[in-house]
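Report on the following structure.
Throughout, residue positions are numbered sequentially from 1 according to the sequence presented.
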Amino acid sequence: MSLVCACPILECVYCLGCARWAWKKCLYTAGRESENWGFATSTEFEAVPRICRYILGVYEFDIRNPLWAPPGGYGINPDSVVLKKNYDENQGKVSPYMIYIDKDNQDILLLISGLNMAKESDFLLLLDDKLGQTKFDGGYVHNGLLKAAQWVFDTECDVLKELVEKYEDYTLTFAGHSLGAGVVTLLTMLVVKNRDKIGNIDRKRIRCFAIAPARCVSLNLAVRYADVINSVVLQDDFMPRTSVALEVLFKCLFCFPCILCATCLKETCTLQEHMLQDPRRLYAPGRLYHVLVRKPFGVGRISPTVKTAVPVDGRFEHMVISCHIISDHSIALMEREFQSALDTLKEKDHVMDIPTQQRMERSTSLAMEHSEEHKAALARAVALDVPEAYLPSEYGTFQKAQSMNDSAHGSSSWDELAARILDTDEKGESVLKSDWY
């Protein structure tokens, strides 16, 4: 009898929890997660619209005779396309990609297109993942995307090595959209870990632009590789925020109340600390750029704003209830909005009036600022007890930190690490040294 009486109480508690979650969701807007981030400059954001146009070019069957070119074209010189492979040539292992030499900007680019709704192989690739299935470099990654990245790396390693050695001063850039963004993220990590196979290229010459990426790396990896990987998200885009397993999401696509209730229970009952300390939970990778173009709840447009940071907690944790969550994932729309945002940034910064020497000095100072912010994010991850998070070595590389991580079972290694990064305050408690913040 007592159990029967308890049912209405449990039902009321469940309804109250769901009502609280729904109320918070209705008031949650896309700008909340980036409200405390810094503003990006035109210098660091300048490459993003151009790279979006290059990615759009991968969708063309014949780049010399484009069918869907945006106003002004793709900006691609067909004679500088090294190779371009479609689904048949990729054997269904990965979506189409292209290697392009951008001589105007001294850049070697490997570009991968996004999810094709008509291709079963893309869905199989995206859904090939289970929580905690695949470990990589001390963290967890998306299994299917890692296999696709490994296939591209093995297939094009020799081509990339030849190009890196031929164009010694060029940057090696990996870029992709949606599914392709996840692949290039893990491909970049593979290249960084195997630079000897790509002509011993310096880490500073490697960079990645993940446009609207799927959540594909654990938090420690997302922060650790923030010096080379950049994720760009347009306002309400759902993909970088989809913390629900993608397989569950697609299965529940036609049963919205089911996934709504499941998400309600999960987000209401899960504490932020538990999310951060779950080593298997996947996140959007690297440094984040959040482009805002509309007022909250889509009631009107605003002057485009670009916010950037290397966040640890609050890294696109919550879905935004908006009619734009799907449209904001379109690469064609992104290219237009990103170009508009860049034009606005240039007007504010008066970039066109700055001499070349001052631009070079600004680029140098910006690199230093990003480096300091990256170190601060690593320290923040350590302070929050994020699994497998550690600080960079005093020489500016991760090799020493990695060796410490590998020998963590030895008491002497731990004592050396503790002595190097910890100090004792007046109360006799251990605290991080000030120069590690």
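With respect to Glu335 and Arg50, no salt bridge is recorded, no charged nitrogen being found less than 4.0 Å from a carboxylate O. We find that Asp158 and Lys197 are not joined by a salt bridge, their nearest charged nitrogen and carboxylate oxygen being 4.0 Å or further apart. Ion pairing between Lys84 and Glu60 fails under the 4.0 Å rule for side-chain N and carboxylate O. Remark: Glu33 does not engage Arg315 in a salt bridge, criterion side-chain N to carboxylate O under 4.0 Å.
A donor-acceptor pair under 3.5 Å is absent between the side-chain atoms of Arg195 and the main chain of Val191, judged by distance alone. Between the side chain of Asp202 and the backbone N or O of Lys204 there is at least one donor-acceptor pair closer than 3.5 Å. Between the side chain of Thr188 and the backbone N or O of Val184, at least one donor-acceptor pair lies under 3.5 Å. A donor-acceptor pair under 3.5 Å links the side-chain atoms of His374 to the main chain of Arg224, judged by distance alone. With hydrogens and angles disregarded, a donor-acceptor distance shorter than 3.5 Å links the side chain of Asn230 to the backbone of Cys208. A distance-only check finds a donor-acceptor pair linking the side chain of Asn86 to the backbone of Glu89 [under 3.5 Å]. At least one donor-acceptor pair under 3.5 Å links the side chain of His142 to the backbone N or O of Leu145.
For residues 51-70, the set of pairs meeting the ring-ring contact (aromatic ring centres under 6.0 Å, His included) definition, not counting sequence neighbours, comprises Tyr54-Tyr100. Sorted by first then second residue, the side-chain hydrogen bond (donor to acceptor under 3.5 Å, both in side chains) pairs that include residues 169-178, not counting sequence neighbours, are Asp107-Thr173, Thr173-Arg207, Ser178-His329. Residue pairs meeting the side-chain hydrogen bond (donor to acceptor under 3.5 Å, both in side chains) criterion with at least one partner in residues 147-157, sequence neighbours excluded, are Lys85-Glu156, Tyr97-Glu156, Asp128-Lys147, Gln150-Asp154.
To the nearest 0.5 angstrom, Asp236 atom CG is 8.0 Å from Cys323 atom SG. Atom OG in Ser322 sits 10.5 Å away from atom CG in Asp237 (nearest 0.5 Å). Taken to the nearest 0.5 Å, the CD atom of Gln235 stands 4.5 Å off from the CZ atom of Arg294.
Qualifying side-chain hydrogen bond (donor to acceptor under 3.5 Å, both in side chains) partners for Arg280, counting only residues two or more places apart in sequence or in other chains: Asp278. Considering only residues two or more places apart in sequence or on other chains, Ala69 meets the side chain to side chain contact (heavy atoms under 4.5 Å, CB included) condition with Pro66, Tyr74. Legend: residues meeting side-chain hydrogen bond (donor to acceptor under 3.5 Å, both in side chains) with Thr134, ordered by chain and number and at least two apart, are Asn143. For Asn105, the side-chain hydrogen bond (donor to acceptor under 3.5 Å, both in side chains) test picks out Asp102, with sequence neighbours left out. Every residue meeting the side-chain hydrogen bond (donor to acceptor under 3.5 Å, both in side chains) condition with Gln339, not counting sequence neighbours, appears here in chain and number order: Arg53, Asp343. Qualifying ring pair (Phe, Tyr, Trp, His ring centres under 6.0 Å) partners for Tyr140, counting only residues two or more places apart in sequence or in other chains: none. Partners of Glu337 under the salt bridge (charged side-chain N to carboxylate O under 4.0 Å, His left out) rule, at least two apart in sequence or in another chain, are Arg301. For Phe338, the ring pair (Phe, Tyr, Trp, His ring centres under 6.0 Å) partners two or more places apart in sequence, or in a different chain, are Phe45.
Closest non-hydrogen pair, Asp137 versus Leu221, comes out as O-CD2, 3.5 Å. Of all non-hydrogen atoms in Pro240 and Val233, the two that sit nearest each other are CG-CG2, 3.6 Å. Shortest non-hydrogen contact noted between Glu165 and Glu168 is O-CG, 3.4 Å. Contact detail for Asp122 and Gly114: the closest heavy-atom pair is OD2-O, 3.9 Å. Across Ile325 and Val320, no two heavy atoms sit closer than the pair CG2-O, 3.1 Å. When every heavy atom of Pro279 is checked against every heavy atom of Ser218, the shortest pair comes out as O-CB, 3.4 Å.
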Legend entry - Working for salt bridge (charged side-chain N to carboxylate O under 4.0 Å, His left out), residues Glu317 and Arg215: CA-CA 10 Å; Glu317 286 291 355; Arg215 296 165 73 97; 3.8 Å; yes
Inset, instruction - Determine, step by step, whether Val141 and Cys216 satisfy the side-chain contact (heavy atoms from CB on, under 4.5 Å) criterion, reporting the C-alpha distance in whole Å, the side-chain angles of both residues, the deciding distance to 0.1 Å, and the verdict. - result: CA-CA 5 Å; Val141 298; Cys216 56; over 6 Å; no
Legend entry - Stepwise side-chain contact (heavy atoms from CB on, under 4.5 Å) test for Tyr167 and Gln106: CA-CA 8 Å; Tyr167 301 97; Gln106 295 188 325; over 6 Å; no
Inset, instruction - Check the pair Ile55 / Ile112 against side-chain contact (heavy atoms from CB on, under 4.5 Å), numbers first and verdict last. - result: CA-CA 7 Å; Ile55 295 172; Ile112 303 182; over 6 Å; no
Inset, instruction - Could you check Phe174 against Val228 for side-chain contact (heavy atoms from CB on, under 4.5 Å), going step by step and ending with a plain yes or no? - result: CA-CA 10 Å; Phe174 301 93; Val228 292; over 6 Å; no
Inset, instruction - Test Arg287 against Glu373 for salt bridge (charged side-chain N to carboxylate O under 4.0 Å, His left out), laying out the working first. - result: CA-CA 10 Å; Arg287 168 175 287 277; Glu373 189 175 3; 2.8 Å; yes
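The side-chain heavy atoms of Thr41 and Leu345, taken from C-beta on, include no pair separated by under 4.5 Å. Contact of the Leu190 side chain with the Phe136 side chain is registered, since non-hydrogen atoms from C-beta on lie closer than 4.5 Å. Residues Leu342 and Ser42 have side chains in contact (heavy-atom distance under 4.5 Å, counting atoms from C-beta outward). Annotation: side chain of Val217 is not in contact with side chain of Leu282 (no heavy-atom distance under 4.5 Å). The side-chain heavy atoms of Thr308 and Leu288, taken from C-beta on, include no pair separated by under 4.5 Å. At least one side-chain heavy atom of Phe153 sits under 4.5 Å from a side-chain heavy atom of Ile198. Contact of the Leu186 side chain with the Met189 side chain is registered, since non-hydrogen atoms from C-beta on lie closer than 4.5 Å. You'll find the side chain of Leu292 stays beyond 4.5 Å of the side chain of Pro304, heavy atoms only.
Cation-pi check for Lys307 over Tyr289 is not met; the charged atom does not lie both under 6.0 angstrom from the ring centroid and within 45 degrees of its normal.
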Less than 3.5 Å apart, which donor and acceptor atoms pair up between the side chains of residues 76-83 and the rest of the protein, not counting sequence neighbours?
{"residue": "Asn77", "atom": "OD1", "partner": "Asp79", "partner atom": "N", "Å": "3.1"}
{"residue": "Asp79", "atom": "OD1", "partner": "Arg64", "partner atom": "NH2", "Å": "2.8"}

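Surrounding NZ of Lys166 are at most 12 heavy atoms belonging to other residues, nucleotides or ligands under 6.0 Å away. Within 6.0 Å of atom CZ in Arg205, more than 12 heavy atoms from other residues, nucleotides or ligands are found, so the atom counts as buried in its surroundings. In Glu162, the CD atom is not crowded: 12 or fewer heavy atoms of neighbouring residues, nucleotides or ligands sit closer than 6.0 Å.
A donor and an acceptor atom, one from each side chain of Glu44 and His370, are located under 3.5 Å apart.
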